[in-house]
Structure formats: structure tokens, C-alpha cells
Peer 1: 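Pasting in a structure now, in C-alpha cells, and then I'll have a few things to ask.
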Number of protein chains: 2
Amino acid sequence: MRSNNLISNITVNRLPLYYRMLDRLRMECVDGVSAESFGQLVGFKAGQIRKDLATFGDFGRQGFGYVVRELQANIGNILGFHRGWNIAIIGMGHLGGALASYRNFADLGFRLAAVFDADPGKIGQSPGNLLINSMDDLERVVQERDIHIGVITVPGHNAQAVADRLLAAGVKGIWNFAPAVLNVPSDVKLVNEDLSVGLCSLSYYLSH
Amino acid sequence: MRSNNLISNITVNRLPLYYRMLDRLRMECVDGVSAESFGQLVGFKAGQIRKDLATFGDFGRQGFGYVVRELQANIGNILGFHRGWNIAIIGMGHLGGALASYRNFADLGFRLAAVFDADPGKIGQSPGNLLINSMDDLERVVQERDIHIGVITVPGHNAQAVADRLLAAGVKGIWNFAPAVLNVPSDVKLVNEDLSVGLCSLSYYLSH
DNA sequence: TAGATTGTTAATCGATTAACAATC
DNA sequence: TAGATTGTTAATCGATTAACAATC
């Protein structure tokens, strides 16, 4: 792994796709792959694959390509999957519930360690194997269970308040599904997952 | 509205955010807004706001700014919200169910017109007010209900087959939530919504 | 008019692509 | 060695920003 600094978001965001495709190749018992053929699989030019990977280290072998198993492990390490991040979901509506049951995340090493809802009727219920906590206990539970990442799936008008409480309780990363522009300090990583964008984009291109 | 061609994805993708912020301003009874103050609200530079909007028309008034109501209507038209797109969700798992109940989409003019699942046990059930259709009836129902956009929320290994069937039945846009790289003809608009990317991105930045 | 803010141009910045020497 | 493919450089392409004349 080379440097920590100045690697663009857009580059980092391609790595999960690479990781997943390598997983598939591994399951298909493919040992090695060239930038050329890998690029065709994921839909990018070979040069971009090489450039992306070279940003993080010398993972390839001239004349051969990349060893699937090795490259996958390296990308996993770059992405920090071995860190075992604890995540909490705030807002157990339909979307929160769906994310809570999403198996892919567990496969990548994320541990769903707590879920919360404001509705007194839901507290104590258990979708999956976690009890829904009261919002009143947010700070305490977040600290006790050492939550690193907060997933916000509450209505837009509550999102900033939830974010503020999460950050005050020590959370360092926020994955925001609420339709709201959140303000967070610069040392906090905020990822906005705006589901309407994709659908609007489809509407636009179908219209033109 | 100016030209149809050559407007970048990245520009179009900012419009939904603008639209939503204008909706908020409208509800707060704000009549006009300058690029400067609007930019602060959505988190972009004023020049970018002006450039984005000028791509589609002359919506502003010198010395004043933009009329909130007017600009929102214009952006809505650009994005094609008035078209009344019919959408179908294929795969009524947790995620499909969450999307089916997402009110935001209906607010933007999208109509959920059909849902499908492969599990015989689910067929005939009704989450919301739609009966779950059998996958066997996909082509027939898609054609009968004039589905424009297919939302794929099936397991990755089924996604390509579902996409192929949707396209053969006349669908022109695909919103893909399955972790799979789909191949579609160039006249079809494909939007990939890869939920793991956001979480992986958080993991990366928390690690470095 | 004077003040404010647009639409647009030119300059800057960053990302992708093509090409190739290095090397397994 | 000969063939293949990497890592990297330089060229191209595209997006953002700064600046300002036009104008309400």
C-alpha cells in the first residue's frame, strides 16, 4: 500500500466493484487475470484498471497479469475490511429494515451492532437478531457498543439532529439515506446515498 | 430548455438535489434565491449552480436571482417528472419491499404499476396495494401495464436474465440494485445502484 | 441610476486514455 | 529468448472555478 493521501473518491469508489468481480473469479476458480480481460468484465479500459491498482501498490506481474486471490486480499485491506467496523442503523422503517437484513455487508466484515427507532411501539421488537433500541438510549448504546459508522434512515427533517447526536457520541462515519443536506465537521466522513437521484436520472434520459 | 445532447451525467445528477432543495424553500415560503445562497444550501459553489442551470435555459433574472417556484417547475420538466413513468419492481425481498413503499418516488410522479417475485409463496400477497405477480407473467404484465422502468432487486446471479426479459418486453430503463455488471443495448438507460460502494468508501476513509 | 446577480468566457484543475519502456 | 503485460509518462479530454461584461 502506497500513500494515504490524495487518492480521489472516484478512484476509491471503483474498488468495491473490483473486489466483487475478483470474488466471482475466485469462485469460478480463475487464478489470474490481465488488466485487459478484467477491464472487460467490469466495464472499464485496461489502462484505468492498471492505473487504479498502481495507485495503491505494485500488485501485478509483468507478462502475466494479476493473481486473483492476492489482488482481492489487497483490495480488501485497502478498503479496510479487516477493521471489523461496528455499524448502527437509526430508523427502522422499511429501508432501515432492509439494510439490517442485507447479507452482503456482513460478508465484507461489517457488524451490525445496534438498531434504533423513535416509535415506542417498535422498541423491543427484533428484526433479525437485534432488539430495537429507543432513541433515548442512542448515546449510551453507541458508546457501549463502540459504533464506528451510523446509518441514517430517518425522515429528512430529523436527519441533522440524529447526525449531531451520533457524532457527539463518537461516531466517525455517517451513511446518510435521508433526503437532507447534512453538515458535519471535516474530520467526519459523510456519504450521501440519495436514492431518488438514480430514478430521476432514468427519467431524464428516457425523456430525451 | 436548450439542447438534448451531450449534457453530462454528473450535471444531470445534481438536478434532483436542486429540485428537492427548491421544494424545501417553497415550503418555507421563500420566493427567490440567488446562486450564491442556493449554492451554500446544497453545498456547491455559486458558479457551478449558474453553469448547471444555464445548460438548460435562462432561468435566472439579473440582479435578483432565481424565482423558486419557477425554477423548481423548470427542473421538474427537464427531469421529465410530468411523463408519469410506470415502474415495476422485480424481486420483493426486503429491499424491493422498501422501495415499493418509498413515498418520495410517488411524489416525483413515478407510478409503481407492478411488482414481481419468483417465490410461489409470495405471489398474491399485497405489500401496499399491489398484488405480487409471478415471474411467469413478467412479459405479459409489463406489456399490459406499459412499464417504462424496471427496478431489479433480485440476487446477482439472476439479474442479467431478468434484465434481458424486461428489455425484450419493451422496458427502456433499468434501475439495478443487484450486485452484478449488466450488459444492455446502448439505447437502454442503465443505472446501477451499488449499495456496498458507500459503505466501503466509509470503511476506506475511516481506515486512512 | 447604483447595486446586485446573472450567463458566459477563459483559466485551472483533475481524470482518462494512449503509448511504450521495463520486465517477468 | 520471445511474448505478454505491467507500471508509468505524456497527451487528451472533461469538469470546475474565477472573473467579468451584460443587464435587470
Side-chain angles (χ1 to χ4, degrees), chain A residues 1-18 21-22 25 30-72 74-75 78 197 201 204, chain B residues 1-18 21-22 25 30-72 74-75 78 197 201 204:
Chain A
M1 238 169 289
R2 206 153 289 174
S3 75
N4 285 352
N5 34 338
L6 299 173
I7 295 166
S8 83
N9 223 297
I10 201 166
T11 302
V12 171
N13 285 184
R14 279 189 292 265
L15 297 185
L17 173 60
Y18 296 172
M21 187 57 76
L22 289 164
L25 290 175
V30 178
D31 293 326
V33 69
S34 69
E36 189 61 50
S37 56
F38 191 71
Q40 266 159 19
L41 286 171
V42 294
F44 296 110
K45 293 238 156 65
Q48 177 142 77
I49 303 292
R50 290 201 296 275
K51 192 149 232 277
D52 282 349
L53 297 177
T55 306
F56 299 100
D58 289 4
F59 300 138
R61 303 184 187 178
Q62 273 104 333
F64 172 76
Y66 302 85
V67 177
V68 169
R69 225 167 229 293
E70 214 174 275
L71 183 58
Q72 193 195 15
N74 277 313
I75 292 180
I78 292 164
V197 170
S201 182
Y204 173 82
Chain B
M1 236 170 292
R2 207 154 291 174
S3 75
N4 286 352
N5 34 338
L6 301 173
I7 295 166
S8 83
N9 223 297
I10 201 166
T11 302
V12 171
N13 284 182
R14 279 189 292 265
L15 297 185
L17 173 59
Y18 296 172
M21 186 57 76
L22 289 165
L25 290 175
V30 177
D31 293 326
V33 69
S34 69
E36 189 63 51
S37 54
F38 191 72
Q40 267 159 20
L41 287 172
V42 293
F44 296 111
K45 294 239 156 65
Q48 177 140 78
I49 303 293
R50 290 202 295 276
K51 192 150 232 276
D52 281 349
L53 298 178
T55 307
F56 298 100
D58 290 3
F59 300 138
R61 302 184 188 179
Q62 273 104 332
F64 172 77
Y66 302 85
V67 177
V68 170
R69 222 167 232 292
E70 214 174 274
L71 182 59
Q72 193 196 17
N74 277 313
I75 293 180
I78 293 163
V197 170
S201 182
Y204 173 82

Peer 1: Which nucleotide, in any strand shown, forms a Watson-Crick or G-U wobble pair with D:dT23, with both distances under 3.5 Å?
Peer 2: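 Pair assignment: D:dT23 / C:dA4.
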Peer 1: Using OP1 and OP2 only, check whether a side-chain N or O of B:Tyr66 sits under 4.0 Å from C:dG7.
Peer 2: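 The answer is yes; a side-chain N or O of B:Tyr66 sits under 4.0 Å from OP1 or OP2.
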Peer 1: Can you confirm whether A:Val68 sits close enough to A:Leu22 that some side-chain heavy atom of one is under 4.5 Å from a side-chain heavy atom of the other?
Peer 2: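 With C-beta onward as the side chain, the pair touches.
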Peer 1: Could you say whether A:Gly47 or B:Ser34 is positioned toward the 5' end of DNA chain C, judged by the nucleotide with the nearest heavy atom to each?
Peer 2: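 With A:Gly47 and B:Ser34 compared, the 5'-side residue is B:Ser34.
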Peer 1: Which comes earlier along DNA chain C counting from the 5' end, the contact point of A:Asp52 or that of A:Gly63, where each point is its nearest nucleotide?
Peer 2: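 Closest to the 5' end, via its nearest nucleotide, is A:Asp52.
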Peer 1: For C:dC13, which nucleotide is its Watson-Crick or G-U wobble mate, given both distances must be under 3.5 Å?
Peer 2: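 Pairing partner: D:dG14.
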Peer 1: So if I take every side-chain heavy atom of A:Ala54 and compare against D:dG7, D:dA22, D:dT5, which nucleotide ends up nearest?
Peer 2: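 Comparing D:dG7, D:dA22, D:dT5 against the side chain of A:Ala54, the answer is D:dG7.
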Peer 1: Nearest of D:dA18, D:dT23, D:dT6 to any side-chain atom of B:Lys45?
Peer 2: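 Nearest nucleotide to the side chain: D:dA18.
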Peer 1: To the nearest angstrom, how far is A:Asn9 atom CG from C:dA15 atom P?
Peer 2: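 So the CG-P distance, A:Asn9 to C:dA15, works out to 10 Å.
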Peer 1: Send over the distance from B:Gln48 CD to D:dA18 P, rounded to a whole Å.
Peer 2: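 Interatomic distance, CD of B:Gln48 to P of D:dA18: 11 Å.
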Peer 1: What is the distance, rounded to the nearest whole Å, between atom CD of A:Glu36 and atom C1' of C:dA18?
Peer 2: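 The answer, rounded to whole Å, is 12 Å.
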Peer 1: Nearest-Å distance, CZ (B:Arg14) to C1' (D:dT17)?
Peer 2: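 About 12 Å, once rounded to whole Å.
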Peer 1: In whole angstrom, give the distance that lies between atom NZ of B:Lys51 and atom C1' of D:dA19.
Peer 2: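 For the pair B:Lys51 NZ and D:dA19 C1', the rounded distance is 13 Å.
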Peer 1: Using a 4.0 Å heavy-atom cut-off, does A:Ala46 contact any base of the nucleic acid, only the sugar-phosphate backbone, or nothing at all?
Peer 2: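 A:Ala46: no heavy atom of the nucleic acid under 4.0 Å.
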Peer 1: Report yes if at least one side-chain N or O of A:Arg50 is closer than 4.0 Å to OP1 or OP2 of D:dG7; otherwise report no.
Peer 2: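 So the side chain of A:Arg50 is outside the cut-off, no N or O lying under 4.0 Å from OP1 or OP2 of D:dG7.
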Peer 1: Out of curiosity, B:Tyr18 OH to B:Asp52 CG, how far, rounded to the nearest 0.5 Å?
Peer 2: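 With rounding to 0.5 Å, OH (B:Tyr18) is 3.5 Å from CG (B:Asp52).
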Peer 1: Would you say that more than 12 heavy atoms from the other residues, nucleotides or ligands in this model lie under 6.0 Å from the CZ of A:Arg61, or not?
Peer 2: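 For A:Arg61, atom CZ is not crowded (no more than 12 foreign heavy atoms under 6.0 Å).
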Peer 1: If I take atom OH from residue B:Tyr66 and atom CD1 from residue B:Ile75, how far apart are they, to the nearest 0.5 angstrom?
Peer 2: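 Reported value, rounded in 0.5 Å steps: 9.5 Å.
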Peer 1: From B:Asn13 CG over to A:Tyr204 OH, what is the distance, rounded to the nearest 0.5 angstrom?
Peer 2: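 B:Asn13 CG to A:Tyr204 OH: 11.0 Å, rounded to 0.5 Å.
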Peer 1: Measure CZ/B:Phe44 against P/D:dA15 and give the value in whole Å, please.
Peer 2: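 Atom CZ in B:Phe44 sits about 14 Å away from atom P in D:dA15.
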Peer 1: Starting at atom CG of A:Leu53, determine the distance to atom P of D:dT8, rounded to an integer number of angstrom.
Peer 2: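 From A:Leu53 CG to D:dT8 P: 12 Å.
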Peer 1: Using a cut-off of 4.0 Å on non-hydrogen atoms, how would the nucleic acid contact of A:Ser8 be classed: base, sugar-phosphate, or nothing?
Peer 2: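 Sugar-phosphate contact only - A:Ser8 comes under 4.0 Å of backbone atoms but never of a base.
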Peer 1: When the distance from CD1 of B:Ile10 to P of D:dT17 is rounded to whole Å, what number comes out?
Peer 2: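 Atom CD1 in B:Ile10 sits about 11 Å away from atom P in D:dT17.
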